[in-house]
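Data block below; observations after.
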Amino acid sequence: MLNDPHSHGLWEISAPAAPQTSSLTASLTADVIIVGGGFTGCSAALHLAENGVKAVVLEAVEVGYGGAGRNVGLVNAGMWVMPSDLTRTLGTDYGQRLLTALGDGPQYVYGVINKYGIPCEAEPVGTLHCAVGQKGLEELQQREAEWQGLGAPVVLLNASDAAAKLGTSVYTGALWDKRAGTIQPLAYVRGLAKAALAAGARIFTGTPVLAVERSGNGWTARTANGSVTAPWVVMASDAYTRMDGPWPALRQEQVHLPYFNCATRPLSAEQLAGILPERQGCWDTRSVLHSYRLDHAGRMVIGSVGSFAGTGHAVHRAWAKRALAAIYPSLANVEFEAEWYGKIGLTADNLPRFHRLAENVISFSGYNGRGISPGTVFGREIADHILGRKGAEDLPLPLTDPHDAKWQKAQEAFYSLGAQVSHLMPVTF
Ligand SMILES: Cc1cc2nc3c(=O)[nH]c(=O)nc-3n(C[C@H](O)[C@H](O)[C@H](O)COP(=O)(O)OP(=O)(O)OC[C@H]3O[C@@H](n4cnc5c(N)ncnc54)[C@H](O)[C@@H]3O)c2cc1C
């Protein structure tokens with residue numbers, strides 16, 4: 001997008017065309033203004049429009065421009081933190097509610113994909129969280145015990161069973177979460193947008209919201225060449241919240257973690273032999289984690305923490321080649337066809353946030369690298385709240401105020417630089 005091959009990489013190459021949209025050049029009225037055309041904004045628009053609510057999405061660039069069009073495509077059933085951390089941080093009521101909402105998230109996502117016939121390479125075959133060393137295995141043993149205690153279909157595979165599923169024996173085990181899977185993320189968010197348009201929502205792209213101002217009992221969103229006035233505003237801009245737009249506090253409460261992906265060209269049947277035969281999406285237990293998965297055409301997509309800005313591109317690209325060779329020696333000499341990166345919005349406790357930024361102005365954000373299921377599910381919850389079906393206290397997250405992240409710039413520099421240092425080291429398991 002924006003003639004930048006490093007913004008959306010493979011997903012832009014293989015996604016169906018974006019829906020036909022244009023920028024806003026008029027003054028409109030609506031019931032709900034949604035700022036941001038990612039999973040959260042498009043899901044909210046779809047669920048609102050299906051219920052007869054006039055929803056207008058204003059997207060600064062293009063549908064899926066933010067994390068939605070750049071991510072790995074792992075449809076996860078929870079957050080990074082241990083399930084017990086959710087109840088410890090949020091209390092039993094909200095913790096259990098969030099665990100249920102996120103645990104059921106992948107099933108909901110794949111249900112939406114089926115319902116609207118979204119062509120997005122959906123593979124509901126589970127994910128494999130791969131253990132590095134004894135420490136990694138112990139972490140996964142705890143995860144298995146916690147999830148199984150909640151009745152979730154999550155199984156810890158021993159090293160040899162994991163090797164059979166992965167096609168590599170570098171890991172000491174793997175946690176197979178059967179609820180999860182993969183998708184082509186840009187294709188999915190474009191499909192959500194098309195479904196929302198078909199249901200009656202309006203989507204304007206190339207339309208950054210410059211300000212949201214009080215207007216009678218409602219709000220007016222001002223853009224360069226138009227405006228929308230409505231009683232409700234939903235901020236769905238997460239890690240791509242603009243400092244020159246409304247409520248930059250949503251950006252200020254996050255620390256951005258850069259994450260990149262490299263995709264090979266489609267691999268031959270011989271190259272693919274034994275590699276991820278069931279096509280689960282994978283990531284590992286290290287703190288500078290790596291992830292990998294196949295797309296439908298048989299490309300291997302490998303990624304990790306790091307930005308392609310400056311020297312980052314050469315360092316991380318070289319690491320990706322070495323890591324791929326270490327995990328799958330048969331892929332040692334395969335060229336990359338696409339390379340891209342984006343920013344993940346982290347919160348202080350690694351949990352998402354629900355804010356009321358002003359009267360009838362709400363936001364869901366801070367997905368900490370897990371936005372496909374939460375964004376889709378919270379979009380539905382936003383609609384239920386605006387429709388009056390659920391009060392703020394009935395949603396899966398407590399209502400909080402945004403607080404500026406501590407040492408934001410220092411933490412961001414640390415992650416960016418630390419990833420480069422880590423990726424200059426030899427790849428070992
Ligand atoms: C590299 C990477 C890998 C990831 N991997 C995964 C994964 O495997 N699985 C997973 O579940 N999640 C993953 N994530 C996280 C996930 O992509 C995000 O959590 C998700 O995209 C958040 O969805 P959203 O709709 O809330 O925000 P976004 O998708 O970021 O969309 C926000 C949109 O708001 C727009 N916007 C911002 N400000 C304005 C304004 N003023 N006016 C108009 N529009 C505005 C932006 O242009 C953007 O399009 C990853 C993220 C990245 C970057």
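Ligands are counted one by one from 1 in listed order, and the atoms in each one are counted from 1 as well.
For the pair D31 and K54, the salt-bridge criterion is not met [side-chain N within less than 4.0 Å of a carboxylate O]. Looking at R389 and E381, no side-chain N of the basic residue comes within less than 4.0 Å of a carboxylate O on the acidic one, giving no salt bridge. A salt bridge is defined here as a Lys NZ or Arg NE, NH1 or NH2 lying under 4.0 Å from an Asp or Glu carboxylate O, and E359 with R214 meets this definition.
For the pair Y94/E393, a side-chain contact is recorded, criterion being any heavy-atom separation below 4.5 Å from C-beta on. Using a 4.5 Å heavy-atom cutoff, the side chains of I344 and R70 are not in contact. Put simply, the side chain of I362 does not reach to within 4.5 Å of the side chain of L357, judged on heavy atoms.
Shown in contact with G38 at under 4.0 Å from a heavy atom are these atoms of ligand 1, numbered in order with element: 25 (O), 29 (O), 31 (O). Which parts of ligand 1 touch G36 is read off a 4.0 Å heavy-atom cut-off, strictly below it: atoms 33 (C), 34 (O), 35 (C), 44 (N). Close approach of ligand 1 to T207 (heavy-atom distance below 4.0 Å) involves ligand atoms 43 (C). Heavy-atom proximity to G342, at under 4.0 Å, picks out these atoms of ligand 1: 53 (C). Atoms of ligand 1 found under 4.0 Å from any heavy atom of Y259 (numbered from 1 in listed order, with element): 1 (C). Close approach of ligand 1 to R242 (heavy-atom distance below 4.0 Å) involves ligand atoms 38 (N), 39 (C), 40 (C), 41 (N). Atoms of ligand 1 found under 4.0 Å from any heavy atom of D238 (numbered from 1 in listed order, with element): 19 (O), 22 (C), 26 (O), 27 (O). The ligand atoms of ligand 1 that sit less than 4.0 angstrom from a heavy atom of A68 are 17 (O), 21 (O), 29 (O).
In terms of polar-atom proximity, V35 is not counted as a contact of ligand 1, lacking any N or O under 3.5 Å from an N or O of the ligand. Close N/O approach between K343 and ligand 1 is not found [any backbone or side-chain N/O within under 3.5 Å]. Between N71 and ligand 1, at least one pair of N/O atoms sits closer than 3.5 Å. Inclusion of F364 in the set of residues having an N or O under 3.5 Å from an N or O of ligand 1 is not warranted. Checked against a 3.5 angstrom limit, the closest N/O atoms of L74 and ligand 1 fall inside it. The N/O atoms of G66, backbone and side chain alike, include one that comes under 3.5 Å of an N/O atom in ligand 1. Close N/O approach between G371 and ligand 1 is found [any backbone or side-chain N/O within under 3.5 Å]. Annotation: V72 places an N or O atom under 3.5 Å from an N or O atom of ligand 1; distance criterion only. Considering backbone and side-chain atoms together, E62 places no N or O closer than 3.5 Å to any N or O of ligand 1. Taking only nitrogen or oxygen atoms, main chain and side chain alike, G64 does not reach within less than 3.5 Å of ligand 1.
A cation-pi arrangement, defined by a distance under 6.0 Å to the six-membered ring centre and an angle within 45 degrees of its axis, is present between R179 and W147. Annotation: cation-pi pair K409/W407 absent, no NZ/CZ under 6.0 Å from the ring centroid and within 45° of its normal. Figure legend: K321 and F336 shown as a cation-pi pair, the cationic atom lying under 6.0 angstrom from the six-membered ring centre and within 45 degrees of its axis. Geometrically, R353 does not engage F364 in a cation-pi contact defined by less than 6.0 Å to the ring centre and at most 45° from the axis.
For S215 (side chain) and G218 (main-chain N/O), no donor-acceptor pair under 3.5 Å exists by modelled atom type. Remark: side-chain polar atoms of S304 are paired, donor with acceptor, to backbone N or O of L289 under 3.5 angstrom. Between the Q254 side chain and the H256 main chain, no donor and acceptor come within less than 3.5 Å of each other.
Within a 6.0 Å radius of CZ in R202, no more than 12 heavy atoms belonging to other residues, nucleotides or ligands are found.
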*List the steps and the verdict of side-chain hydrogen bond (donor to acceptor under 3.5 Å, both in side chains) for T311 and Q420.*
CA-CA 9 Å; T311 53; Q420 287 198 42; 3.0 Å; yes

*asked:* Please determine whether side-chain hydrogen bond (donor to acceptor under 3.5 Å, both in side chains) holds for the pair E253 and H355, giving the CA-CA distance in whole Å, both sets of side-chain angles, and the decisive distance to 0.1 Å.
replied: CA-CA 12 Å; E253 77 171 342; H355 299 310; 2.9 Å; yes

*Let me see the working for N368 and T347 under side-chain hydrogen bond (donor to acceptor under 3.5 Å, both in side chains), right down to the final yes or no.*
CA-CA 7 Å; N368 290 271; T347 56; 3.1 Å; yes

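Atom 44 (N) of ligand 1 has its closest protein heavy atom at A60 N, 2.9 Å. In terms of protein heavy atoms, atom 13 (C) of ligand 1 is closest to G369 O, 3.1 Å. Annotation: atom 35 (C) of ligand 1 to nearest protein heavy atom, E59 OE1, 3.3 Å. In terms of protein heavy-atom proximity, atom 37 (C) of ligand 1 is nearest to Y240 O, 3.0 Å. Protein heavy atom nearest atom 42 (N) of ligand 1, with residue, atom name and distance: V209 N, 2.9 Å. Here the protein heavy atom with the shortest distance to atom 20 (C) of ligand 1 is F39 CD1, 3.8 Å. What sits closest to atom 52 (C) of ligand 1 on the protein, heavy atoms only, is I344 CG1, 3.6 Å.
Proximity of P208 to ligand 1 is established by a heavy-atom distance of less than 4.0 Å. Within the 4.0 Å heavy-atom shell around ligand 1 one does not find V63. Not a single heavy atom of S365 sits under 4.0 Å from any atom of ligand 1. At least one heavy atom of A236 sits closer than 4.0 Å to an atom of ligand 1.
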